[in-house]
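Comments concern the structure below.
A quick note: this is a predicted structure, and the numbers were derived from the prediction, not measured.
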Amino acid sequence: QVQLVESGGGLVQAGGSLRLSCAASGRTLSDYAMGWFRQAPGNQREFVAAITRSGGGPNYADSVKGRFTISRNNAQNTVSLQMNSLQPEESAVYYCAARTGYAARAANDAYDYWGQGTQVTVSS
């Protein structure tokens, strides 16, 4: 099975940017479609973005379209999430997830493996 470790979270002012990374080990990342999710205190975990095994067909939540970009580097076994124009309500723990299927799915239960998460805090 694959192990996932997120990095790149931190504190940023509203309107700022952060780039999250997810490093995979144990299995080659090209075996998995990948997704990013986030969970704020008291809220359910929600879909942010996903990408197919080959790096095509990115899928985004409506709330982040045009501001966030998901990408992957299968040779380096990493997936990234570039986040621009961040807003305070986007403060959350951000999770990287992997699924054994090909498609870039949005559902939580479509994913088989999860990282521990990285905290993103956006100050107003």
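A pairwise comparison of heavy atoms in Ser124 and Ala14 identifies CA-CB, 4.4 Å as the closest pair. Across Arg53 and Gly101, no two heavy atoms sit closer than the pair CD-O, 3.5 Å. The minimum heavy-atom distance linking Gln3 with Gly26 is given by the pair OE1-CA, 3.7 Å. The two residues Ala110 and Arg105 have their closest heavy-atom pair at CB-CB, 3.8 Å. The two residues Ser85 and Arg67 make their nearest non-hydrogen contact at O-NH1, 2.9 Å. Nearest approach of Gln87 to Gly15, heavy atoms of both residues: NE2-N, 4.1 Å.
Tyr60 contributes no side-chain N or O that, together with a main-chain N or O of Gly66, makes up a donor-acceptor pair within less than 3.5 Å. A distance-only check finds a donor-acceptor pair linking the side chain of Glu6 to the backbone of Gly117 [under 3.5 Å]. With hydrogens and angles ignored, the 3.5 Å screen pairs a side-chain donor or acceptor of Ser91 with a backbone N or O of Val122. Checked by atom type and distance alone, the side chain of Arg72 pairs as donor or acceptor with a backbone atom of Thr52 at under 3.5 Å. A donor-acceptor pair under 3.5 Å is formed between the side chain of Asn77 and the backbone N or O of Leu29.
Side-chain heavy atoms closer than 4.5 Å link hydrophobic residues (I, L, V, M, F, W, Y) into clusters, and following such links, possibly through other members, connects Val12 to Val64. In terms of hydrophobic clustering, with Ile, Leu, Val, Met, Phe, Trp and Tyr side chains grouped at heavy-atom distances under 4.5 Å, Met34 and Val93 are assigned to different clusters. No continuous path of ILVMFWY side-chain contacts below 4.5 Å connects Phe47 to Val120, so the two sit in separate hydrophobic clusters. Cluster annotation: Tyr32 and Phe37 are assigned to distinct hydrophobic clusters (Ile/Leu/Val/Met/Phe/Trp/Tyr, side-chain heavy-atom contacts under 4.5 Å, transitive).
Atoms OG and CZ, from Ser7 and Arg19 in turn, are 10.5 Å apart once rounded to the nearest 0.5 Å. A distance of 8.5 Å separates CD of Gln82 from CG of Leu20, quoted to the nearest 0.5 Å. Distance OG1/Thr118 to CG/Leu18: 8.5 Å, rounded to 0.5 Å. The structure places OG1 of Thr121 at 6.0 Å from CG of Leu11, a figure rounded to the nearest 0.5 Å. The OG atom of Ser80 lies 9.5 Å from the CD1 atom of Ile51; values are rounded to the nearest 0.5 Å. Between Trp36 atom CH2 and Met83 atom CE the span is 8.0 Å, to the nearest 0.5 Å.
Checking Thr100 against Tyr113 by side-chain atom types alone, no donor-acceptor pair falls below 3.5 Å.
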Are Cys22 and Leu4 close enough, and set up right, to give a side-chain contact (heavy atoms from CB on, under 4.5 Å), and what steps lead you there? CA-CA 6 Å; Cys22 174; Leu4 305 172; 3.9 Å; yes

Report the C-alpha separation of Arg27 and Gln1 in whole Å, then their side-chain angles, then the decisive distance to 0.1 Å, and conclude whether the side-chain contact (heavy atoms from CB on, under 4.5 Å) test is met. CA-CA 6 Å; Arg27 291 284 300 272; Gln1 66 182 38; 5.6 Å; no

side-chain contact (heavy atoms from CB on, under 4.5 Å) assessment of Asn74 paired with Thr28: CA-CA 8 Å; Asn74 286 342; Thr28 179; 5.9 Å; no

Assess whether side-chain hydrogen bond (donor to acceptor under 3.5 Å, both in side chains) is satisfied between Arg99 and Tyr111, documenting all intermediate values. CA-CA 4 Å; Arg99 64 181 301 268; Tyr111 289 80; 5.3 Å; no

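Under the 30°/60° scheme for interplanar angles, the aromatic rings of Tyr95 and Trp114 are found to stand perpendicular.
The environment of CD in Glu89 is crowded: more than 12 heavy-atom neighbours from other residues, nucleotides or ligands sit within 6.0 Å.
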